[in-house]
Amino acid sequence: MDTPTSGPTPAAGGAPATPAPTDFIRDIVAADLQAGKHQRIVTRFPPEPNGYLHIGHAKSICLNFGIAREFDGICNLRMDDTNPTKEEVEYVDSITADVKWLIDGWAEDRLGLKPAGRTAEPATVNGRTDYHLPATVGAGHGALLEPFYASDYFQPLYEYALELVRKGVAYVCDLSPEETDRYRGSPDRPGQDSPFRDRSIAENLDLFTRMKAGEFPDGTRTLRAKIDMSAPNIWLRDPVLYRIRHAEHHHTGGAWCIYPMYDFAHCLSDYIEGITHSICTLEFEVHRPLYDWILEQLALPRPLPRQFEFARLNLTYTIMSKRKLLQLVNEKLVFDWDDPRLPTISGMRRRGVTPQALRQFAYHIGVTKYNGLTDVAVLEHAIRDDLNRRAQRRLAVIRPLRIVITNYPEGQSETVAATNNPEDPGAGVRQVPFGRELYIEQDDFQENPPPKYFRLRPGGEVRLKYAYIIKCEEAIKDAAGVVIELRCTADLESKRGGATANRKVKGTIHWVSAPHAIEAEVRLYDRLFTVPEPDAAGDFKQFLNPHSLDVVMARCEPSLGEARPELRYQFERLGYFCLDPDSQPSTDRARLVFNRTITLKDTWAKEARRE
RNA sequence: UGCCGGAUGGUGUAACGGUAGCACAGCAGACUCUGGAUCUGUUUGUCAUGGUUCGAAUCCAUGUCCGGCAGCCA
């Protein structure tokens, strides 16, 4: 994905070259280009600003921006903001930031924006009034750029609606919402014509104008397309085009009290922006005839956009519904939209997942019309694969057990050389302090270990990574019988370069020098849900994992005091970690907070479970 | 019982009338100063039944199962 065969873009972030993806949508785009249908491909990513973006949106972003970069096109970012009661600027801002983060270094030169404040102005094309707002690509135009907004087209949309009325294919209907439902019929029973269906064009014009002027309360009238109340496709049974909402809009303020419906706004927004391929998810498939109907009725002078549908992403052990994510946030079951346990883009970013990993994941799952359920293990693999290549290795002990090397001179210390990244020799080495008193992981000692346990046991030997082989001579317990300290001896010749350096011991464990260690809060995350399909039946909240967050105080090697928020770390043998924004910069009151992005694969855990 | 769409190993995805492949997961082994990484091997699949064809996952027919659609949400 980072090196499409159709372009010379070099691999990003050291990721290996991957062939350009192919799928049925890219096939269509390639064929359309081949047939000379378009001079330039324009796609769009059109979220509604009513929540934060999640990994399902990431799939769509990768598809739409991926097509733009592979076919030398553009992908517009557009707020699909036609419902003032659900949308907020906070969401506009988070969406914009998340998109930019995800495409950075990959397709940021394909991001279609427009000068701030610009709306679609009428022009004359082939003797017809036309509205066209082509994208400005990339920054540096002097002008401040912003995303597109469907709400910037409210005036053109209103003009188009008037045209449908004048043409006699749209009418003002006085039915209440409940009556409208009843008249619509059901999937296997045709609907009935509204009693207001045959109003004169003049009356419709008058009424629609007065709707816009604010003469009628919410819910009293709608503008409807006049299509066919007996159509087998429900969306062709005189769908509502406009409804009355006396509500403040986050982008247009109080300018309007009638708002277009999705079906009316979307196809025309696509047209206005010159979109060639309007790619959406499967549930809009039945809307496509309406999408086409509206555009065709208006006899527009430029080429029409075409809609294509693909299957949205479903992932095991999580939920994707914006409504349910909002519920978790509102009910404080998670801290916020960027809670690292959430599948939101901002949550995953905070957790330490990189954009490269997300893109690689999108590449691997592909694009089809089959509505499946993707194993979260595919995501986890993409994350580990990416982090393994980029993470700086560090030593940190999450649940400390004190040990004393009795034959190491008191008061003495030294430093040992530690490899920063075995996957990247260029990353070099660092010096880590070593001394008589250390911390090791509680898990790395067992008094009565099971078979095949390679770590420390009474009388047993283990290698301290980058340092000496030690032998456990004695386990000291407290009054309750729990082991609180280990007395060990070291083979002082077994350090790298020493006489017995090549002695084989079965286990190697990590450690930290006790007097040099710095403390850090470490947040250990696990799956948010305990079942693969929390959405499947009943209340998803009953499947919340009570152990999805565990906070511990870890002892870390001193170099972690200079940890940087943009870097990724592997705490050796534990997992991948990154600095959380809750951390305070290194002052005398420094506070370090790390998030565990993901554990290392643990085949021992599997082995232990098997018993 | 209306309309639209879909069905390939456990999961996701390729094969576009010519040897069913890849990834994840699983299993077995090698290697390892991370029980990580890496490497090797390996179990498991074309929804069913007919038809066309020298040859069908692919084309046709019938059936089965699954998903979506009845907001003045998107």
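By convention in this document, chain letters (A, B, ...) are assigned in the order of the sequence lines, proteins followed by strands, and residues within each chain are numbered from 1.
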With a non-hydrogen cut-off below 4.0 angstrom, is [X] in contact with a base, only sugar-phosphate, or nothing?
{"X": "A:Glu48", "result": "sugar-phosphate"}
{"X": "A:His266", "result": "nothing"}
{"X": "A:Asp602", "result": "sugar-phosphate"}

Is any side-chain N or O of A:Arg455 under 3.5 Å from a base N or O of B:rG35, one able to act as donor and the other as acceptor?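 Such a pair exists between side chain and base.
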Based on Watson-Crick and G-U pairs with both distances under 3.5 Å, what dot-bracket line describes RNA chain B 5' to 3', crossing pairs as [ ] and inter-strand pairs as |? .((((((..((((....[..)))).(((((.......)))))....(((((..]....))))))))))).....
Consider the side chain of [X], meaning its heavy atoms from C-beta on, and name the nucleotide among [options] that approaches it most closely.
{"X": "A:Asp188", "options": "B:rU1, B:rA25, B:rA74", "result": "B:rU1"}
{"X": "A:Asp385", "options": "B:rC4, B:rA70, B:rU38", "result": "B:rU38"}
{"X": "A:Lys606", "options": "B:rC72, B:rG26, B:rA25", "result": "B:rG26"}

Measure from [atom1] on [X] to [atom2] on [N] and round the result to the nearest Å.
{"X": "A:Leu326", "N": "B:rC73", "atom1": "CG", "atom2": "C1'", "value": "14 Å"}
{"X": "A:Arg184", "N": "B:rC69", "atom1": "CZ", "atom2": "P", "value": "14 Å"}
{"X": "A:Glu380", "N": "B:rG26", "atom1": "CD", "atom2": "P", "value": "11 Å"}

Going by number, which of residues 496-513 of chain A have a non-hydrogen atom under 4.0 Å from RNA chain B?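 Of all residues in residues 496-513 of chain A, the ones placing a heavy atom under 4.0 Å from RNA chain B are A:Arg496, A:Lys504, A:Thr508.
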Generate the contact string for nucleotides 11-22 of chain B. Rules: B means base contact, S means sugar-phosphate contact only, - means no protein heavy atom under 4.0 Å. SSSS-B------
